[in-house]
Student: 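Take this structure first; my questions come after.
Atom set for the values below is all heavy atoms of this structure, side chains included, hydrogens, waters and symmetry mates excluded. What you see is a predicted model, and the numbers here were worked out from it, not measured in a lab. Here is the naming used below: chain letters follow the sequence lines, and residue numbers restart at 1 for every chain.
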Amino acid sequence: MSVEVRIPTILRSYTGGDKNVTGEGADLRALIVDLDARYPGIADRLVDEQGLRRFVNVYLNDEDVRFLGGLDTVVADGDSVTILPAVAGG
Amino acid sequence: MLRIRAELVDAMAAHARADHPDEACGVIAGPEGSDRPERFIPMVNAARSPTFYEFDSADLLRLYREMEDLGEEPVVIYHSHTATEAYPSRTDVSYASEPLAHYVLVSTRECGPEEGPVEVRSYRIVDGVVTEEQIEIVA
């Protein structure tokens with residue numbers, strides 16, 4: 001059970017510069033916990049008490065997880081997760 | 001310092017005028033590590049707002065996949081301010097998440113949608129700190 005996770009530039013300080021890492025978990029929440037065990041601090045950049053942070057987009061394959069199940073989105077072996085910070089401002 | 005071709009500055013200004021009074025936004029991509037803005041990519045402001053901009057989330061994924069396939073990165077990330085100066089707002093600073101990008105602000109507060117003076121300024125925004133930089137316009 002392994003999921004590929006693509007890490008954006010701004011979070012590569014947590015992954016030792018790696019663009020792609022692998023993680024495990026039955027859903028996105030568990031996957032983030034697993035990533036945080038190996039890359040301490042990364043979870044805090046992705047989630048807060050409300051769930052996924054407003055300015056972080058997470059995609060399962062081609063779909064924004066906000067339109068799936070958010071942190072409860074089920075992930076399966078071979079899936080690809082992409083993390084991209086929102087490009088936004090005022 | 002941002003070195004950029006005049007036609008790319010003109011393209012950002014034209015996009016900002018066309019979308020006035022809403023904010024316009026987009027990217028100029030360039031070869032990874034080159035710091036050279038080359039490919040102009042206007043984006044839709046999904047917020048369609050005079051005070052906020054946001055790339056649509058599906059567009060954002062497509063854009064980053066395409067840049068990755070082409071070996072590019074976002075060298076310039078631009079957006080317009082339509083009623084205030086071309087200086088990053090607090091919201092701009094809190095959302096800024098490309099430490100290697102030049103954040104270009106275009107203000108249409110004087111010209112609106114018409115031809116006229118457009119203010120164009122460039123910044124680095126890293127860890128919440130804004131640093132203005134010179135723009136060198138090349139032919």
Side-chain angles (χ1 to χ4, degrees), chain A residues 3-22 28 31-32 35 39 41-71 73 75 79-90, chain B residues 22-27 32-33 41 43-47 49-65 67-68 73-84 86-101 103-105 123 125-128 130:
Chain A
V3 176
E4 183 199 39
V5 184
R6 319 192 74 143
I7 306 291
T9 311
I10 192 145
L11 296 182
R12 288 179 200 155
S13 53
Y14 294 91
T15 61
D18 287 348
K19 279 187 190 182
N20 296 297
V21 301
T22 54
L28 184 60
L31 178 68
I32 290 173
L35 289 176
Y39 311 113
I42 201 167
D44 187 53
R45 302 292 299 271
L46 304 177
V47 293
D48 57 20
E49 308 79 52
Q50 326 291 315
L52 270 181
R53 288 189 180 274
R54 161 79 181 88
F55 48 86
V56 174
N57 294 324
V58 179
Y59 305 87
L60 176 68
N61 302 319
D62 290 330
E63 199 67 40
D64 187 329
V65 299
R66 284 196 178 84
F67 304 119
L68 300 170
L71 287 173
T73 301
V75 297
D79 275 344
S80 169
V81 168
T82 303
I83 301 168
L84 286 177
V87 179
Chain B
D22 286 346
E23 293 192 7
C25 55
V27 160
E32 220 174 311
I41 310 164
M43 301 291 289
V44 168
N45 176 2
S49 160
T51 56
F52 195 74
Y53 80 96
E54 180 167 19
F55 292 7
D56 171 75
S57 104
D59 291 352
L60 180 73
L61 180 64
R62 257 196 307 277
L63 170 69
Y64 273 75
R65 289 236 170 110
M67 288 193 294
E68 179 157 9
E73 61 189 1
V75 178
V76 167
I77 297 174
Y78 72 89
H79 77 283
S80 64
H81 284 174
T82 57
T84 57
Y87 191 87
S89 65
R90 260 179 300 175
T91 319
D92 293 333
V93 176
S94 69
Y95 276 89
S97 51
E98 287 290 357
L100 302 175
Y103 282 88
V104 171
L105 275 284
Y123 307 87
I125 308 176
V126 181
D127 292 333
V130 177

Student: Between B:Glu73 and A:Lys19, does any side-chain N to carboxylate O distance fall below 4.0 Å?
Tutor: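 Result for this pair is no, no salt bridge flagged.
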Student: What closest approach, in Å, do A:Ile10 and B:Pro99 show between heavy atoms, and which atom pair accounts for it?
Tutor: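 Closest heavy-atom pair between A:Ile10 and B:Pro99: CD1-CD, 4.1 Å.
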Student: Let me know if A:Arg54 has heavy atoms under 4.5 Å from chain B in its side chain, its backbone, both or neither.
Tutor: side chain
Student: Which residues, numbered in order, of residues 80-90 of chain A come under 4.5 angstrom of chain B by heavy-atom distance?
Tutor: A:Thr82, A:Leu84, A:Pro85, A:Ala86, A:Val87, A:Ala88, A:Gly89, A:Gly90
Student: In chain order, what residues pass the salt bridge (charged side-chain N to carboxylate O under 4.0 Å, His left out) check against B:Asp56, with sequence neighbours excluded?
Tutor: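 Testing B:Asp56 for salt bridge (charged side-chain N to carboxylate O under 4.0 Å, His left out), a comparison that skips the adjacent residues, returns none.
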Student: Please classify the contact between B:Ile77 and chain A as side chain, backbone, both or neither, with a heavy-atom cut-off of under 4.5 Å.
Tutor: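 Side chain only.
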Student: How many angstroms lie between atom CG of B:Leu61 and atom CG of A:Asn57, to the nearest 0.5 angstrom?
Tutor: 9.0 Å
Student: Among B:Met43, B:Arg65, B:His79, single out the residue with the greatest number of heavy-atom pairs under 4.5 Å to chain A.
Tutor: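 That would be B:Arg65.
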Student: Heavy-atom distance under 4.5 Å to chain A: side chain of B:Ser57, backbone, both or neither?
Tutor: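 Contact with chain A involves both backbone and side-chain atoms of B:Ser57.
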Student: For A:Tyr14, what residues pass the ring pair (Phe, Tyr, Trp, His ring centres under 6.0 Å) criterion, not counting sequence neighbours?
Tutor: none
Student: For B:Ser89, is it the side chain, the backbone, both, or neither that has a heavy atom closer than 4.5 Å to a heavy atom of chain A?
Tutor: side chain
Student: Can you say whether B:Arg62 sits under 4.5 Å from chain A via the side chain, the backbone, both, or neither, judging by heavy atoms?
Tutor: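 For B:Arg62, there is no contact with chain A at all, as no heavy atom is under 4.5 Å.
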Student: Does any heavy atom of chain A fall under 4.5 Å from the side chain of B:Phe55, the backbone, both, or neither of them?
Tutor: both
Student: Is any side-chain heavy atom of A:Phe55 closer than 4.5 Å to a side-chain heavy atom of B:Glu54?
Tutor: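 A side-chain contact under 4.5 Å is absent here.
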Student: Only heavy atoms, only distances under 4.5 angstrom. Which residues in residues 42-53 of chain A are near chain B?
Tutor: none
Student: Working to the nearest 0.5 Å, report the span between CZ of A:Arg6 and CD of B:Glu68.
Tutor: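 It is 4.5 Å, given to the nearest 0.5 Å.
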